[in-house]
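Accompanying notes for the structure given below.
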Amino acid sequence: MAIAERTAGTVSIPGVNVRPGWAGWLSTTDHKRIGIMYLVSAFVFFLIGGIEALLMRIQLGVPDNTFLTPDVYNQMFTMHGTTMIFLGLMPLNVGLGNYMVPLMIGARDMAFPRLNALSIWLFIFGGLMLYVSFLVGGAPNVGWFAYAPLTQKQFAPTAGVDYWIIGIGLTGVASIAGALNFIVTILNMRAPGMTLNRMPLFVWMQLVVAFILIFAFPVLTVATIQLLFDRHFGTRFFLPNLGGDAVLWQHLFWFFGHPEVYILILPTMGIISEVLPTFSRKPIFGYAFVAYSGVAIGFLGFLVWAHHMFAVGLGPLANAFFGAASFLIAVPTGVKIFNWLATMWQGSLNLTTAMHYAIGFISMFIIGGISGITLASPPINVQQTDSYYVVAHMHYVLFGGAIQGIFAGIFYWFPKMTGRMLDERLGKWQFWLMLISFNLTFFPMHLSGNAGMPRRIYTYEAEMGWNLWNLISTIGSLLLAVAFLLFLWNVVTSIRRGPVAPADPWDGATLEWAVSSPPPVYNFAVTPHVRSRRPLWDQKYPSLHEINGGHGASGAYHGERRDGFEHDTPPAMEPIHLPSPTYAPLIVSVGIMILGFGIIYLGDFGLIAASAMLVGLLTMAFGILTWVRISHVDSPHHAH
Amino acid sequence: MSELTTRTHGAVAHHTSLGVDNRKLGVWAFIGSETLFFATLITTYFVFAPVNRARPDFQDPREFLDIELTTVLASILLASSLTMVLALSASRRGDRRSFTTWLLATVGLGLAFIGGQAYEFNHLYHEGLTLSSSLFGTTFFVLTGFHGTHVAIGVIWLLSVFFKVRAYPDSPENVMDVEIAGLYWHFVDLVWVAIFVLVYLI
Amino acid sequence: MAGHSEEHGAHTHPSDRFYWIVAGVLAVVTALEVGLFIVNEQHLIAKWLEVALLLILSTIKGAAVVMFFMHLKGDAGIFKFVFLVPLAFATTLLLSFMVLFSEHVGIAG
């Protein structure tokens, strides 16, 4: 167990043996390191997904192209979607959340640091497993939503679909474990004085998303298990000719799939809710409305899933219900947008790169929202579904929205995480290049979609009238690639030679800016006491607090020295407990991965696969024993 | 929201925003998640029940399912919930002997359930009900099979807790370990209450 | 509201006798369920009534396990929230799927 000692104003932690080099990363339980691992691996997967997209765009750039075969094209769009959603955007959100949430609530780590490490390793192994499929007969080629009965063994004979099932199974378990971690951390580990109504909106959104996640993912888990059984163990859940129901798959998948898109967007909306006030030098307008509309979106998101199925023939009653519910979701979304705009209104705008991205988010998300409104109407949807119009819509909200939100978060928090500033000039050039090329890529898709171009076709004939739009999209996508390379260049050079970042480069209001950049391993020397939504502004500008009447702050103002929190006072030191580093989560994850390989091949290679499963289980058992042992060592209450 | 600052001298300051134990909150949230897992399996069962009935390879649940055996299984699991909570009570008291008796009784009842379930599966298999024989076979075995798997995991969990805490069952952390394992165990029993009525009785 | 970080010390727990009583109730209700099932093999009451009664009985059992064995009654509110919300979602999932697959007029399966 690691106990901090205070000597001469510093806090040293003998015994927090952060092992040097790779060993340190493999055995870490520190939320900051895990956050960085998420961000880096997610970004690698994101680039791979981008390459998959580029390959598709090259194939579609001209009609009747033969750059990719149909089957390879199918693998590309399947892997692109799966990668971007499960291995790109979700872990980017979790990475930023992992790093920032404990800091923003004044905690030293997540509630379950070892479980946190399990999540990152399971995510990495799940992603790797998904990509192993390329090497063993072919990646899944059935679309990221894997509609039945195309996914049945007779139509998808390679192991690709099985790798998809197990790959997202592993990342799903990682996500659920991570969500449990966020729920307990946010609900139970806030600094004294930080009520739910005083916590940063980024934290609010992570809490809502964590709940959505633990309710939505199990449904996907069951559906994919059922699919696995259909493929290998003779069941007939989704086999229409034996009484199974392909539409059941769609219902189950989208019952998960629609809340999933809110899992993708809400954390980034939380980022915007942090960035805008800081760079408008105004508190967020309508904090409660923004927070509770997030809750409303999370809740309503579970009631709209069949708007992905308007063309299935569910009948007018069902369509009407889901259409109406989908229109309803526009309301809390609009509330957020108006509150953001009101935040900027008459604020003192500081147009940093992060602010550019935040404003870019709002504008592109609005466009995506509008195309979503047309899609929410069943009669219009029947025309637009499965066309490139939908591709346009989803990319406007997920790329123009969520990814720009991520970029805003990265430009905002990069100094905190690395201790260096990103180059603002390069950042702004890259922002504009990305914004323009993004619109070049995806705006024409509204037009080609409405002109009838279906999704998921590997080529098209020259006479269809789609040539110009596709060419523009392809050119746009190549420029997008350049924009990403510029960003990478910015990151790499800034980490090495960027200006050193102070603790608080943006004059922020929330607790993460109260500690050094990067923070010490224990985050806060003394747990802060919070008295308002803007604890750091309270400390830096106590008179401002008085003028504003204190939104959400405690009323008492006794005229004595008031700190937003106790930062520099040296009180009686409490011991700082940090969990020891351990390889246990890594070992357990390896065991689960081996188990996963065994499951994939159980139907076809019974004995070998069963042995692999056994090896996996034994590895897990060994890892769990190690885990229990290390928790013995760390636990502060142990009787012996 | 209640705010707590427990600064006892020499011990760790253990402030928690809601005044609850982290792990207990985590397990309850996990149980919430598992509720959706089993709800999906049960939903699938109900979606296919009428379809099964209308098909040429229809297998009637009433013909295959033996209500006597199942009632015994249900009673075993309910009894195990009783023994579990008695074990928790004993651990709080520091009554090591009772704790051992009741916790191992829970484990024993859990194993008896699994044994009975395995016996039922074997019997049904020989009667011609398999994963692939009909929609009833498909949905029944996957639903009850995953429930049985959860029971098995519960048994392993209970045994590990037993070995960990038996020396000092009344230390606060050990009591929490028992309580948390108990929550999972009761949940698994709860799922069976639902399956029993929905699959076997209705 | 005062509390302790170790929440077990903050309030008294039911006695062992109480747990035995709850178990007794569970046994009786189970017997009623099975009895109702066996008796209605003779089709003495309408099916819908049988189903309704069985659901009520099993809800009583479930509630007893959750409230008393899992100690949800008397425990912190957050536990109730974290259990009841997903239960509501689960019920919604089940009911809405049954409707969507019911081949009711206006709703195709």
Side-chain angles (χ1 to χ4, degrees), chain B residues 2 4 6 13-16 18-21 24-25 28-29 31-36 38-40 42-44 46-48 50-51 62 67-68 70-71 74-75 78-79 81-82 84-86 88-90 92 98 172-173 175-176 179 182-183 186-187 189-190 193-194 196-198 200-202, chain C residues 1-10 13-16 19-20 22-23 26-27 30-31 33-34 36-38 41 50-51 54-55 57-59 61-62 65-66 68-72 75-80 82-87 89-91 93-98 100-103 109:
Chain B
S2 59
L4 307 172
T6 50
H14 223 71
H15 166 92
T16 65
L18 296 181
V20 301
D21 182 278
K24 186 168 171 177
L25 181 57
W28 270 111
I31 285 173
S33 185
E34 290 278 85
T35 304
L36 266 305
F38 281 104
T40 311
I42 292 173
T43 299
T44 305
F46 273 98
V47 163
F48 283 128
V51 185
R62 296 259 165 155
I67 200 66
E68 281 112 15
T70 328
T71 307
S75 311
L78 285 170
S81 267
L82 171 66
M84 181 71 230
V85 78
L86 290 174
L88 175 62
S89 166
R92 286 198 176 111
S98 294
E173 166 165 298
V175 169
M176 184 53 66
E179 185 173 1
L183 285 173
H186 294 306
F187 174 70
D189 181 21
L190 197 62
V193 168
F196 182 57
V197 68
L198 295 173
Y200 290 89
L201 294 183
I202 288 184
Chain C
M1 184 186 87
H4 297 270
S5 56
E6 267 85 31
E7 170 256 342
H8 76 279
H13 291 277
S15 65
D16 281 14
Y19 291 136
W20 278 99
V22 172
L26 289 172
T30 307
E33 279 181 303
V34 178
L36 177 57
F37 173 82
I38 292 176
E41 276 175 332
E50 181 195 354
V51 170
L54 284 172
L55 287 175
L57 288 171
S58 62
T59 306
K61 271 170 50 178
V65 171
V66 172
F68 303 118
F69 285 168
M70 297 171 87
H71 207 283
L72 201 54
D75 233 341
I78 186 64
F79 299 135
K80 296 179 179 120
V82 154
F83 176 70
L84 291 173
V85 168
L87 188 62
F89 275 115
T91 313
L93 170 71
L94 179 58
L95 293 175
S96 59
F97 273 55
M98 287 181 71
L100 285 165
F101 284 88
S102 67
E103 298 183 5

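Since this is a predicted model, take the numbers as computed values, not measurements. Throughout, a chain's letter reflects where its sequence line sits, starting with A, and its residues are numbered from 1.
For Phe187(B), the parts lying near chain C are the backbone and the side chain together; criterion is any non-hydrogen pair under 4.5 Å. Proximity to chain B (any heavy atom under 4.5 Å) is shown, for Tyr19(C), by both the backbone and the side chain. Both the backbone and the side chain of Thr40(B) have a heavy atom closer than 4.5 Å to some heavy atom of chain C. Of the two parts of Met70(C), the backbone and the side chain both hold a non-hydrogen atom closer than 4.5 Å to a non-hydrogen atom of chain B. Only the side chain of Thr30(C) comes within less than 4.5 Å of a heavy atom of chain B; its backbone N, CA, C and O stay farther away. In this structure, chain C has heavy atoms under 4.5 Å from both the backbone and the side chain of Leu201(B). For a residue to count as touching a neighbouring chain, one of its non-hydrogen atoms must lie under 4.5 Å from one of that chain's; by this rule Leu198(B) touches chain C with the side chain only.
Taking 4.5 Å as the limit, some side-chain heavy atom of Phe196(B) sits within range of a side-chain heavy atom of Thr71(B). A heavy-atom distance below 4.5 Å is not found between the side chains of Leu18(B) and Phe79(C). Between Phe69(C) and Leu26(C) the shortest side-chain heavy-atom distance falls below 4.5 Å. Proximity of Trp28(B) to Leu72(C): side-chain heavy atoms (C-beta onward) are separated by under 4.5 Å at one or more points. Counting only heavy atoms from C-beta outward, the side chains of Met176(B) and Glu173(B) never approach each other to under 4.5 Å.
Of the residues considered (Val193(B), Leu82(B), Thr35(B)), Leu82(B) shows the highest number of contacts with chain C, using heavy-atom pairs under 4.5 Å. Of all the listed residues (Ile31(B), Leu25(B), Val51(B)), the one sharing the greatest number of non-hydrogen pairs under 4.5 Å with chain C is Leu25(B).
Ion pairing between a basic and an acidic side chain is recognised when a charged N comes within 4.0 Å of a carboxylate O; Glu33(C) and Lys61(C) show such pairing.
Here the side chain of Ser89(B) pairs no donor or acceptor atom with the backbone of Val85(B) at under 3.5 angstrom.
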